[in-house]
Amino acid sequence: MNIHEYQAKELLRRYGVAVLDGHVAWTPEEAEAAAAKLPGPVTVVKSQIHAGGRGAGRFADDPNGKGGVRLAKSPAEAKAAAAAMIGHTLVTKQTGPQGKLVSRVYVEAGCDIARELYLGLLVDRATSRLTIMASTEGGMEIEEVAEHHPEKILKVAIDPASGLSGFHARKLAFGLGLSGKQVGSFTKFATALYGAFQELDCAIVEINPLVVTGAGDIVALDAKVSFDDNALFRHKDLESLRDDSEMDPKELDAVRNDLNYVALDGEIGCMVNGAGLAMATMDIIKLYGSSPANFLDVGGTADAARVTEAFRIITSDANVKAILVNIFGGIAKCDMIATGIVEASKNLHLSVPLVVRLEGTNVELGKKILAESGLAIIPADNLADAAQKVVAAVKKGG
Ligand code: ADP
Ligand code: MG
């Protein structure tokens with residue numbers, strides 16, 4: 001789950017991470033009042049969307065105008081900047097050409113920037129450790145730095161048993177060319193950020209830029225925080241930070257129904273149990289020349305109700321030209337799944353070809369239920385057979 005910059009900064013502040021003062025504003029008038037509360041003389045008005053590259057982005061209705069992060073020299077200027085952002089669509093490198101609608105801005109104290117650095121924390125699956133990445137190339141996308149100047153990225157892997165120590169932080173600080181009081185300031189910052197990452201079960205925390213101020217302090221000028229969805233049950237209070245308008249409606253629907261669903265842009269809707277089987281199903285669809293419209297793991301407890309919900313979400317996608325059900329009956333028996341498929345197909349008046357491959361407990365009974373349903377369900381015997389049949393159905397239809 002992703003959150004907005006202003007929400008991330010408010011959370012990080014609680015963990016002792018240095019951020020500047022700021023206020024969220026939903027209207028130009030609120031932005032004006034927010035700017036008046038800040039010390040000034042300069043404030044910064046920042047569009048809040050779940051995408052980076054806002055500074056260099058452009059508004060769809062004003063492509064030659066200024067970007068999504070603007071300096072304001074007075075509350076009146078902050079109001080004007082907010083008016084140019086709120087209700088307008090911001091297009092950045094990360095939003096795609098359709099852009100994202102700005103519904104609120106963050107009005108923040110202006111910063112006296114001496115240097116812009118990069119600091120990121122993530123879980124590195126290769127080492128099974130939390131890894132801290134730092135770079136002197138702040139403000140640039142880290143992917144770009146990694147491609148053109150990999151030597152400019154410093155990495156430190158943290159042993160979960162001993163945690164972050166002063167030694168790690170100093171190694172990064174010296175690598176970033178910090179000196180004097182900046183080193184202590186960085187150590188404090190990195191330690192607080194590491195604590196927040198651990199406590200909040202984050203997946204990624206990215207501070208870009210991390211700034212060295214004219215006075216030698218270290219502060220987070222931007223903050224991207226993404227939580228590990230599988231740990232969200234431990235953080236009920238974070239749920240309220242979810243911005244539904246930033247999510248694909250089908251994915252939101254899936255979250256509410258406890259289904260693991262990721263929308264993709266292909267044409268074959270997939271309903272599978274188990275993430276590994278879902279990945280394999282997507283791969284084999286590709287192999288036979290088509291592409292999946294989604295990743296969907298209905299989980300081990302797939303019953304008729306869940307199958308119906310899953311079908312509803314899959315068929316709400318207009319790109320879906322055929323559906324492939326690939327279920328391995330274990331705890332959820334094949335006859336139960338088959339009944340669910342038949343009920344759902346009838347209730348939802350399914351109009352696209354449906355290929356079903358069942359395997360496992362009570363498979364014969366399951367196949368019988370499908371065959372006797374009177375529905376035009378295409379049965380398949382194995383994964384390759386199923387994929388070939390569903391791809392053929394799509395090619396025939398389209
Ligand atoms: P994005 O990464 O989406 O472009 P940032 O928050 O990183 O958005 O802002 C872009 C740039 O705007 C920063 O690199 C920095 O130069 C400038 N900026 C952002 N916030 C402030 C601030 N409070 N004071 C001064 N400059 C800022
Ligand atoms: Mg940034």
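Worth saying up front: this structure is predicted, and the values here are computed from it rather than measured. For ligands, and for the atoms within them, numbers begin at 1 and follow the listed sequence. Only heavy atoms go into these numbers, but all of them, side chains included; no hydrogens, no water, no symmetry mates.
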Asn2 and His50 side chains, donor-acceptor separation under 3.5 Å:
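Absent: no donor and acceptor within the cut-off.
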Looking at [X] and [Y], does any basic side-chain N land under 4.0 Å from a carboxylate oxygen?
X      : Y      : result
Glu30  : Arg104 : no
Glu239 : Arg242 : yes
Lys368 : Glu364 : no
Asp62  : Arg58  : no
Asp124 : Lys155 : no
Arg234 : Asp228 : no
Arg13  : Glu10  : no

For atom 11 (C) of ligand 1, is there a protein heavy atom at a distance under 4.0 Å?
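So far as the 4.0 Å threshold goes, atom 11 (C) of ligand 1 is out of reach of every protein heavy atom.
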What is the nearest protein non-hydrogen atom to [atom], stated with its residue, atom name and distance?
atom                    : answer
atom 1 (P) of ligand 1  : Arg54 N, 3.5 Å
atom 9 (O) of ligand 1  : Val69 CG2, 4.0 Å
atom 19 (C) of ligand 1 : Lys46 NZ, 3.5 Å
atom 25 (C) of ligand 1 : Cys111 N, 3.5 Å
atom 16 (O) of ligand 1 : Glu116 OE2, 2.6 Å
atom 22 (C) of ligand 1 : Val44 CG2, 3.4 Å
atom 5 (P) of ligand 1  : Asp222 OD2, 3.4 Å

I'd like the atom name of the N/O/S atom in Asp222 lying closest to the Mg ion (ligand 2).
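Of the nitrogen, oxygen and sulfur atoms in Asp222, the Mg ion (ligand 2) lies nearest to OD2.
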Nearest atoms (heavy-atom pairs only) where Val156 meets His168
CG1-CD2, 3.3 Å
If you compare all heavy atoms of Val272 against all heavy atoms of Ala278, which two are closest, and at what distance to 0.1 Å?
CG1-N, 3.5 Å
If I apply the N/O under 3.5 Å rule, does Ile113 come out as touching ligand 1?
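Among all N and O atoms of Ile113, none is under 3.5 Å from an N or O of ligand 1.
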Backbone or side chain, does any N or O of Gly55 fall under 3.5 Å from an N or O of ligand 1?
yes
Looking only at heavy atoms of Gly67, does any of them come nearer than 4.0 Å to an atom of ligand 1?
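It does not; every heavy atom stays at 4.0 Å or beyond.
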Hey, does Gly139 sit under 4.0 Å from ligand 1 if you only count heavy atoms?
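False for this residue.
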Out of Ile207, Leu221, Asn208, who is nearest to atom 21 (C) of ligand 1 when you count heavy atoms only?
Leu221
[X] neighbourhood, listing ligand 1 atoms whose heavy-atom distance to it stays under 4.0 Å:
X      : result
Gly110 : 24 (N)
Gly53  : 1 (P), 2 (O), 3 (O), 4 (O)
Gly52  : 3 (O)

Is a side-chain donor or acceptor of Glu108 paired with a backbone partner of His23 at a separation under 3.5 angstrom?
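Looks like no, no N/O pair under 3.5 Å.
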For side-chain contact (heavy atoms from CB on, under 4.5 Å), just list the numbers for Leu370 and Lys367, CA-CA rounded to whole Å, side-chain angles, deciding distance to a tenth of an Å, and then say yes or no.
CA-CA 5 Å; Leu370 293 179; Lys367 283 183 175 174; 5.6 Å; no
Checking only N/O/S atoms, does Glu206 have one that is under 2.8 Å from the Mg ion (ligand 2)?
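Under 2.8 Å: Glu206 has no N, O or S contact with the Mg ion (ligand 2).
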Under 4.0 Å between heavy atoms, the region of Glu108 that gets near ligand 1 turns out to be side chain
